[in-house]
Number of protein chains: 2
Amino acid sequence: MATKAAERRLAPRHDTARGAMEPLVQESTPSMIAGRVREAIASGLIPPGSQLGEANLARELGVSRGPLREGLQRLTAEGLLISIRNRGLFVIEMTPERVRDMYLARQAVERAAAEQIHQRDPVSAGAALAKVIDVMASARDQHAESAADVSFHELLVSLAASPRLSRMHEILITETRMCIHALSDLYLPGEAVRVEEHRAIAQSFTGSDPALTDELLVAHMSDAVRRLTDGRLEPA
Amino acid sequence: MATKAAERRLAPRHDTARGAMEPLVQESTPSMIAGRVREAIASGLIPPGSQLGEANLARELGVSRGPLREGLQRLTAEGLLISIRNRGLFVIEMTPERVRDMYLARQAVERAAAEQIHQRDPVSAGAALAKVIDVMASARDQHAESAADVSFHELLVSLAASPRLSRMHEILITETRMCIHALSDLYLPGEAVRVEEHRAIAQSFTGSDPALTDELLVAHMSDAVRRLTDGRLEPA
DNA sequence: TCTAATAGTATTGTCGACAATCGCACGACT
DNA sequence: AGTCGTGCGATTGTCGACAATACTATTAGA
């Protein structure tokens with residue numbers, strides 16, 4: 001594998017004109033690998049429970065096993081993979097127990113994010129969220145609808161401008177997306193209901209009503225958990 | 001480095017008597033390395049801002065650079081280290097901004113944990129927390145006092161029995177400990193006050209008063225942030 | 001004296017190969 | 001018939017070496 005070094009030296013002598021020239025921080029290879037595999041897991045391309053063969057993955061991604069293993073260690077730290085010594089890495093399976101825990105954590109993060117937004121700029125946040133909801137409302141298939149749903153919650157947390165909340169949420173959203181694909185037949189709450197739930201949350205920001213936002217968020221999460229775990233084994 | 005394989009075959013023919021025989025899950029080497037380095041950072045042995053030379057660390061820990069880098073990738077994923085390509089890994093520095101964000105995230109996690117405890121078994125949780133407070137009250141030096149403080153919050157979250165909250169909290173607690181050492185001169189709230197704040201929280205569990213717990217927790221965090229960022233640059 | 005090009009050094013990034021371990025299938029023994 | 005031992009194939013764990021890059025010191029030039 002040839003290293004891509006020539007990509008660096010471009011612009012022969014130009015001496016940084018406007019401030020528009022960024023320091024060119026290229027993320028590390030393990031980071032890119034982790035992102036790629038994470039996306040593959042979230043999108044259902046790599047199903048839950050399956051083993052990740054290092055040799056295969058390395059070949060597919062065009063890298064050696066070294067950087068690959070480093071990237072996979074990240075996903076292990078995120079709890080997305082579990083490592084069994086001398087056996088390999090496996091994608092976690094989403095049991096009802098895990099789904100409950102995941103939403104418990106998501107609730108913690110998103111409630112905190114919402115509270116933070118209310119202390120910053122709830123009105124413009126509500127407007128931004130409303131746009132995503134419009135996309136959701138105009139979604140034609142279930143896939144686009146779910147994507148908009150995810151976008152809504154990602155935007156919600158990012159509006160809190162908290163690196164740590166965002167980082168924690170990214171992991172949880174990955175699990176959520178994985179869950180959506182694995183249990184896709186359960187995750188259809190009826191288009192209208194879903195849109196309305198989200199719109200209510202957005203409007204609670206516009207109306208600057210922290211208590212209402214919190215209440216709606218809790219209800220929203222409870223609904224999702226109920227949908228995803230109903231009819232399944234081991235009730236709470 | 002000799003592999004410890006002989007630890008596996010013990011008990012010659014005994015056919016699992018009581019359930020006390022665990023599956024003996026030995027954690028992976030990168031995981032152990034991550035734990036070791038994490039502890040070194042949390043305890044202040046490796047100060048914030050310092051670079052982690054791979055060759056040195058590998059020699060000290062008695063491993064090759066491969067497993068070491070894998071372990072370090074975990075800490076990078078946790079946000080404890082930042083990676084600059086072709087430059088190396090550096091321990092993050094705790095700016096006031098970061099301290100605020102850290103406590104925002106801690107608040108999110110611990111409030112959720114507290115809420116969960118109230119839905120499970122608040123009384124026995126309060127009792128367990130009271131024991132830690134006794135240790136804190138009998139601490140002779142500042143070091144032991146801080147350790148008990150950390151133990152209190154670790155126990156608090158673990159009592160919620162949520163793997164995800166615990167995992168997120170572990171990262172945040174590491175940052176907290178690092179912060180305590182880096183700014184040790186600021187983190188002395190006066191022994192009596194600190195003990196009383198914690199005891200109030202524990203008693204709010206015993207009294208099954210979720211709203212009070214929440215309120216005390218928020219105040220507790222705000223106090224810590226104020227202490228750690230006061231007199232420092234850039235106010236909120 | 002200050003700037004700029006350059007060589008040297010140290011560190012990281014990547015790779016290929018070897019060693020260790022596990023699961024499985026086949027066969028022998030009680 | 002069931003259980004234990006053994007060899008085989010495949011995968012992971014680990015290591016050492018090489019390549020690429022960035023920082024530093026030195027030196028030539030204006």
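Chain letters run A, B, ... following the sequence lines, proteins first and then strands; every chain starts at 1.
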With Glu154(A), which residues qualify under salt bridge (charged side-chain N to carboxylate O under 4.0 Å, His left out), at least two apart?
none

Report yes if at least one side-chain N or O of Thr29(B) is closer than 4.0 Å to OP1 or OP2 of dT14(D); otherwise report no.
yes

Distance check needed: dC15(D) P versus Leu68(B) CG, whole Å only.
11 Å

For Arg120(B), which residues count as a side chain to side chain contact (heavy atoms under 4.5 Å, CB included) partner, sequence neighbours excluded?
Gln116(B), Ala161(B)

Looking at residues at least two apart in the chain, or sitting in another chain, which of them share a ring-ring contact (aromatic ring centres under 6.0 Å, His included) with His169(B)?
none

Nearest to the side chain of Pro67(B), which nucleotide is it out of dG13(C), dC15(D), dC15(C)?
dC15(D)

What is the nucleic acid contact for Gly66(B), judged by heavy atoms within less than 4.0 Å: base, sugar-phosphate only, or nothing?
nothing

Rounded off to whole Å, could you give me the CZ-to-P distance for the Arg69(A) and dG13(C) pair?
17 Å

Integer-rounded Å distance: dT11(D) P and Arg85(A) CZ:
19 Å

Hits for side chain to side chain contact (heavy atoms under 4.5 Å, CB included) against Ser162(A), two or more places apart or cross-chain, chain-then-number order -> Arg164(A), Leu165(A), Asp101(B), Leu104(B)

Which of residues 46-60 of chain B have a heavy atom under 4.0 Å from DNA chain C?
Gln51(B), Leu52(B), Gly53(B), Glu54(B)

Measure from CG on Asn86(B) to C1' on dC23(D) and round the result to the nearest Å.
12 Å

Would you please name every residue forming a side chain to side chain contact (heavy atoms under 4.5 Å, CB included) with Ser83(B), sequence neighbours left out?
Ser28(A), Thr76(B), Leu89(B)

Nucleotide nearest Arg65(B) (side chain, heavy atoms from C-beta), chosen from dA22(D), dT14(C), dG13(D)
dT14(C)

Applying side chain to side chain contact (heavy atoms under 4.5 Å, CB included) to Ser124(B) and not counting sequence neighbours gives Asp121(B)

Detail all sub-3.5 Å separations between protein N/O atoms and N/O atoms belonging to nucleotides 23-25 of chain C.
| residue | atom | partner | partner atom | Å |
| --- | --- | --- | --- | --- |
| dG23(C) | OP1 | Arg87(A) | NH1 | 2.9 |

Rounded distance in Å - CD1 (Ile84(B)) to C1' (dA22(D)):
11 Å

Atom-pair distance (CE on Met32(B); C1' on dG13(D)), nearest Å
11 Å

Would Ile173(B) and Arg106(B) satisfy side-chain contact (heavy atoms from CB on, under 4.5 Å), going step by step from the backbone distance to the final call?
CA-CA 8 Å; Ile173(B) 278 294; Arg106(B) 265 192 66 182; 4.2 Å; yes

Testing the 3.5 Å rule here: is there a donor-acceptor pair between the side chains of His153(B) and His220(B)?
yes

Salt bridge (charged side-chain N to carboxylate O under 4.0 Å, His left out): which pairs involve residues 33-56 of chain A, sequence neighbours left out?
Arg38(A)-Glu78(A), Arg38(A)-Glu170(A), Glu39(A)-Arg177(A), Glu54(A)-Arg65(A), Glu54(A)-Arg69(A)

